[in-house]
Structure formats: structure tokens, C-alpha cells
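First the structure, in the form of C-alpha cells, and then the observations on it.
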Amino acid sequence: MFSNSYLGTLTHHPIRKNHMKLKSQLNQSIKEAFLKAGIEDIPMSVSEATKPDFGDYQFNGAMALSKKLGKNPREIATQIINHLDFTGIIEKAEIAGPGFINLWLNPLWLATQCQIALEDERLGVSIREEPIKVVVDYSGPNMAKQMHVGHLRSTIIGDTLANLLTFLGDEVIRQNHIGDWGTQFGMLIAYLEMKNEDASVDLSDLEQFYKDAKTYFDADASFANKAREYVVKIQSGDAHCLALWQKFIDISLGHCEEVYEKLGVNLTRNDVRAESFYNDALPQIVSALNSKGMLQESDGAQCVFLEENEIPVIVQKGDGGYLYATTDLAALKYRSETLGVKRISYVVDARQAEHFNQVFQVAKKANFVTEDVHLEHIGFGMMMDKSGRPFKTRDGGVVKLIDLLDEAVMKAKETINNIDEYSQEEIENLAKTIGIGAVKYADLSMNRESNYIFNWDNMLSFDGNTSLYLQYAYARIQSIFRKYNASIEGEIVITDALEHRLAVMLLRFEDVLQRTANMATPHQLTTYLYELATLFMRFYEQNPILKEDVDAQIRVSRLQLANLTAKTIKQGLSILGIQVVDKL
RNA sequence: GCACUCAUAGCUCAGCUGGAUAGAGCAUCGGUUUGCGGUACCGAAGGUCUCAGGUUCGAAUCCUGAUGGGUGUACCA
């Protein structure tokens with residue numbers, strides 16, 4: 001289909017702004033054709049062709065218009081094609097079936113765009129023209145316990161979303177809403193003081209510490225009383241107790257940071273906005289709701305009843321205490337009023353959908369957030385074991401996240417080929433890159449809304465949609481460059497159908513990122529990267545690069561395509577928080 | 001009881017605003033000229049998209065109902 005005739009013409013098209021975003025450019029071309037044909041209302045957008053025979057993109061809007069215009073859809077399609085501009089991005093258009101318009105992109109145009117992407121640090125992905133300020137609220141571990149697998153998804157999905165929005169140019173504020181407040185802390189602080197009044201107590205196993213404290217609490221009445229006193233003291237601002245509490249939080253947070261470090265997640269202490277941060281604002285939340293006439297007392301508690309929902313949002317307990325809904329409202333108010341953000345994304349498991357739905361409604365109704373702030377709950381399903389049951393240890397306990405990650409690194413070592421060629425340090429780094437990448441990728445490549453089955457064998461495989469496959473593809477390309485051993489300079493020339501498809505795929509990157517960001521669905525990015533890598537493998541299998549009989553110009557062009565592929569994989573994985581290596 | 005959510009190949013999953021013969025990977029079977037990294041690539045087989053209605057030129061996708069699983073259901077977070 002794509003003959004070598006392209007080789008003769010090396011004249012590239014002039015550089016355009018917004019060179020990527022294939023879809024919007026094609027939509028623009030379609031729109032112009034419509035206007036020339038005298039049709040104003042364009043019903044839909046182009047989409048990727050469902051198979052190579054149908055070209056690169058297709059436009060299906062003619063069918064939808066046929067009733068409205070009282071015309072045969074093929075007639076409408078013909079009209080559009082007659083006014084289509086074939087001097088730029090589009091090379092050819094055909095009508096098929098009931099009125100599909102299949103579009104083939106101009107290979108010269110594709111080559112130029114790839115060239116531009118290659119010379120750009122951002123790979124041609126434009127920075128948002130109107131960036132917004134956004135809070136991504138994720139991870140949110142409880143300070144009374146060690147991080148467990150239940151925190152994994154929030155932490156890495158949230159981190160990916162934050163990375164992605166940052167890359168696209170938004171001003172992202174990461175917020176780690178840690179659980180550092182509540183009645184159990186009285187017990188923990190009392191126990192901490194009992195164990196060691198002055199300094200470093202070993203909290204390496206928070207789970208155990210919690211259990212021990214609980215044992216005392218249940219068995220020793222005087223200790224239990226003391227624990228209750230501590231709750232009151234902390235809440236009333238007692239300096240000594242607060243100091244102990246602070247110490248406990250510091251140590252506990254330190255454990256979390258170990259996990260973040262191991263996981264390669266971009267969360268620091270600066271991102272922490274703990275529950276306790278909002279303590280002072282809680283009474284104001286209740287009084288504000290009251291003054292707006294939204295409060296209602298029910299069984300002694302202060303509640304907001306929302307129309308469609310019989311279950312109220314309780315903002316103050318009968319005993320005067322506040323609840324997490326109150327804290328969330330205070331956080332929303334702070335983020336809207338003080339931080340001035342326009343989008344707030346909560347990456348929290350799906351079970352809390354109802355809670356966020358209610359809290360968002362209350363926040364809007366009470367004007368804690370302005371009308372134009374987009375509030376969203378990025379929910380996700382649970383992690384299941386191979387047999388489809390919730391992920392637990394053999395004795396039914398929670399799996400500590402740090403243990404899971406250590407196991408991943410250990411298992412990753414077994415996948416390293418020719419392990420003798422590496423130093424101990426190299427092996428550790430490699431295993432970490434592979435193992436952590438596998439855990440993250442397996443999670444991110446699933447549609448986040450459904451539960452997902454955690455399976456070591458699948459995620460650490462070289463076959464299929466895994467991080468290892470992508471890392472391998474990347475390393476293999478680097479190996480080509482090592483062998484070539486010279487700087488890659490020269491123009492891209494599209495000479496056959498596979499090169500053509502690869503170029504289109506590469507240029508789709510920005511569209512994919514945009515969509516992934518808008519819908520907060522990382523799996524769309526992983527699917528894209530996997531498709532890109534498999535397509536490259538096919539291309540590479542069929543189109544030799546370094547073999548002796550390859551024409552020098554074609555060799556350079558293919559090296560350039562390989563280079564852009566590698567860069568795109570690297571950038572995509574980097575957004576997912578996954579590293580690449582030059583050698584596997 | 002009520003609400004939310006899910007149901008696609010033996011298994012794990014894609015399928016974007018409704019569009020052409022529903023796609024990958026694993027597993028199974030078969031293949032690849034002295035192979036730029038074969039941890040690769042190509043092919044075969046595998047489906048009444050849980051079921052029944054409805055809307056539409058057109059439905060895995062939207063609506064209604066049924067069945068089956070998961071989750072939530074006021075003073076924990």
C-alpha cells in the first residue's frame with residue numbers, strides 16, 4: 001500500500017503549532033469541510049480506525065446526520081470529502097459501508113511531526129494553555145498502623161495522576177491526608193510513655209505496638225483510664241501529651257516514608273496535611289452549617305440531611321466530638337478558599353463513594369467550595385488474591401506493604417538474565433526497578449474501578465501487558481544504539497505500512513495523555529504503551545535497521561523512529577512512576 | 001429492605017462520545033531464510049458480550065426488568 005515512492009520526496013511540511021493532538025487537528029479539518037459544505041452542526045469527533053484496512057482514523061458522523069439533514073449518509077460523506085483539505089495532515093479519504101469516512105494521514109506530515117517530537121524535550125506534548133490548580137489527595141495512611149496493601153492502590157494511582165497532571169502543565173498540590181487523630185491515639189501515647197519516657201522507642205513494628213497497647217488497655221483498668229485521659233489531654237492541647245503524640249507521628253510517618261522511598265512515589269513531608277491540621281476549623285464548619293440552616297439535630301447528633309438520602313451526614317456527635325465528614329468538609333474549604341484550587345481529586349477506595357458523594361454535596365451547598373471547583377472521587381476496587389478473595393496473609397492478617405515490596409524485589413532477581421555479569425549493587429538496583437515496576441504496572445494497567453487479582457507470575461512475566469515487556473523493549477532499543485555506536489542524525493522517512501502505523505502511534509501520545517488525565521484512568525496509558533511496544537517489535541522484526549544491506553538513509557530514519565519509541569516508552573513509564581534501564 | 005457497583009474467550013483483562021467481521025495476553029496447538037538482544041515475531045483454535053425485553057439505520061456500550069457476585073447502609077476513619 002505504501003510504496004517506496006515516498007523516498008523520492010524529502011520535502012517536509014512546514015512546522016505547525018500544536019503538532020500533536022492528532023484528533024483535534026483532524027476534527028478541525030473535518031469541521032472546515034463541513035463549513036464549506038454549508039453544514040454547521042458537527043455531531044461527533046474522529047476516532048482511531050478500528051483496523052488498518054480502514055486507514056488511520058475514521059469519522060462516523062455522516063450516519064448520525066442523515067436523519068437530520070434528510071439525506072443519505074453516503075451523500076453527506078461525499079459532500080464532506082469533496083471539501084476536505086488534502087494538502088496537510090490528510091492524504092486520502094474514502095467512504096465505506098453505510099457512510100464511514102476513512103482517513104489516511106500523509107506520511108510526509110507524519111515524518112515531520114515525529115522529527116519535531118524527537119527534537120523536543122516534551123516529545124511534542126504541549127503544555128496546557130490554561131493550566132489549573134489541582135489537589136490530588138492520595139495515600140492517606142493511618143498513623144496508628146503500618147501501611148498495608150490497602151494503601152497501595154491509592155498511593156500509586158494518586159501519584160500517577162499527580163505526575164501526569166504536572167507533566168501536562170497543571171499546578172498540582174499533592175496532599176497526604178494522614179490519619180493522625182482519634183481515640184486510639186490516647187492509648188498509643190499512654191503506652192509509648194509507659195514503655196519509654198525519654199527517647200527512641202522501637203516502633204519498627206507498629207502493628208505489634210498497637211496490639212501490645214491494646215492488650216494493656218483491655219487488661220489493665222488503670223492503664224485504660226490513663227489512655228482515656230490522654231485523649232482528652234491531647235485534644236485540649238496539653239503540651240506534654242502533644243509532644244509525645246508528635247513524636248509518635250514522626251516515627252510512624254518515617255515508616256511511611258520508607259515505603260514511599262521504596263515505591264518511588266513522589267510524596268514528601270511537605271505534602272502532609274494531616275487530619276489534625278483541620279482541628280481548629282471544625283467548630284467553624286459546624287457553626288457555618290448551622291447559620292446556613294443546614295443543620296438538624298437527630299438523636300443528639302448534628303446532622304445535614306440531603307434530600308434524596310435518608311442517611312444524614314453527621315458532623316458532630318452527641319458527645320460533641322467531630323467526625324471524618326467534618327474534617328473532609330474543612331479540608332475542602334481549605335483547599336478551595338486558601339489554596340484556591342479548581343479541581344480536587346480524592347483517590348480513595350470505591351467503598352467510600354457514598355461518603356464523598358454526600359460530603360461534596362454538602363460542601364457545594366454550604367459554599368465551602370466555589371461553584372467552579374470540580375470535585376471528584378477517584379474510586380478503585382480491592383486487591384484480591386489468586387482465588388478472588390481479599391488479599392490477606394495465610395493466617396488472615398493484613399499484608400504489610402513493605403513486606404510485599406520486599407518480596408517483589410526478591411522475586412524480580414529471579415528474572416534477571418546472566419546475573420553473574422552484574423555487581424551486587426547493580427543487581428539490587430535492577431531488581432528494584434523490575435520488581436517495584438511490576439507491582440505498580442500490574443495495578444495501574446487494570447481499570448481502576450473493578451477489583452483486581454494480584455498474581456506474581458503474571459506481573460513478573462516478560463510476556464503480555466507487563467512492565468517487564470516494556471522495559472525489555474526499551475532495553476532492546478538501547479542495545480541497538482550501543483551497537484550502532486554513533487550519534488543518530490538524519491531525517492525520518494516513512495517507507496512502508498508498519499513505519500506509517502508506528503509514526504501514527506507515536507503521535508497519538510498526547511491524545512492518550514489528555515484522555516488519561518481527564519478520566520483519571522492510568523490503564524489507558526498502559527494500554528497505549530503496550531500497543532506501542534508490540535507495534536515496535538513487529539516493525540523491528542520486519543524492518544531491519546543495522547543489517548548490512550540497509551540503505552543508509554533508511555537506517556537513520558529507522559533509528560530515529562526507534563529513538564522516539566524509546567523516549568515515548570520512557571516518558572510514559574516515568575509518569576506511571578516506573579523506571580527503565582539500558583540493560584536487562 | 002434500600003442504595004451503589006460489577007458480569008465480555010478456559011484464565012487475566014481491553015473495548016473511549018452508540019458504528020464496519022467484539023480485541024489482547026496467558027494457557028493449548030503449529031510455524032519463523034547462518035536471528036540487528038528468540039525474554040522476540042507470525043499463525044491456528046477459542047465468544048448466543050449473564051438472561052429477557054425496549055430505544056435506534058446500527059447496542060458489549062443507552063433504558064427497563066430478572067439472575068448472580070462485590071460493597072455500603074448515622075454518631076470509626
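In what follows, every chain begins at residue 1, and chains take the letters A, B, ... in the order their sequences are listed.
A stacked arrangement is assigned to A:Phe100 and the six-membered base ring of B:A20, with a centre-to-centre distance below 5.5 Å and an interplanar angle below 30°. Both geometric conditions, a ring-centre gap below 5.5 Å and a plane tilt below 30°, are fulfilled for A:Phe54 over the base of B:A20.
Within a 6.0 Å sphere centred on NZ of A:Lys583, other residues, nucleotides and ligands contribute 12 heavy atoms or fewer.
Between A:Phe360 and A:His377, the gap from one ring centroid to the other reaches at least 6.0 Å.
A:Phe248 and A:Phe209 have tilted rings, their planes meeting at an angle from 30° to 60° on a 0 to 90° scale.
Side-chain N/O atoms of A:Ser445 and base N/O atoms of B:A14 include no donor-acceptor pair closer than 3.5 Å. At a cut-off of 3.5 angstrom, the base of B:C41 holds no donor-acceptor pair with the side chain of A:Arg538. For a distance-only test at 3.5 Å, the side chain of A:Asn102 qualifies as a donor-acceptor partner of the base of B:A20.
Of the listed nucleotides (B:U56, B:A40, B:A74), B:A74 has the atom at the smallest distance from the side chain of A:Ile314. When distances are taken from the side chain of A:Ser47 to each of B:G37, B:U17, B:U12, the shortest belongs to B:U17. Distance from the side chain of A:Ile453 is smallest to B:C13 among B:A74, B:C13, B:G37. Of the candidate nucleotides B:G72, B:G70, B:C13, B:G72 has the atom nearest to the side chain of A:Arg351.
In this structure, A:Lys51 places its NZ atom 8 Å from P of B:U21, rounding to the nearest Å. B:G15 atom P lies 18 Å from atom CG of A:Asn60, rounded to whole Å. Rounding to whole angstrom units, CG of residue A:Asp549 and C1' of B:G35 are separated by 14 Å.
Residue-level contact check: A:Met519 touches neither bases nor backbone, having no heavy atom under 4.0 Å from any strand. Residue contacts for A:Leu584: at a heavy-atom cut-off of 4.0 Å it reaches a base atom on one of the strands shown. Nucleic acid contact for A:Tyr322: sugar-phosphate only, since backbone atoms but no base atoms lie under 4.0 Å from a heavy atom of the residue.
Under a 4.0 Å N-O distance rule, the pair A:Lys214/A:Asp218 qualifies as a salt bridge.
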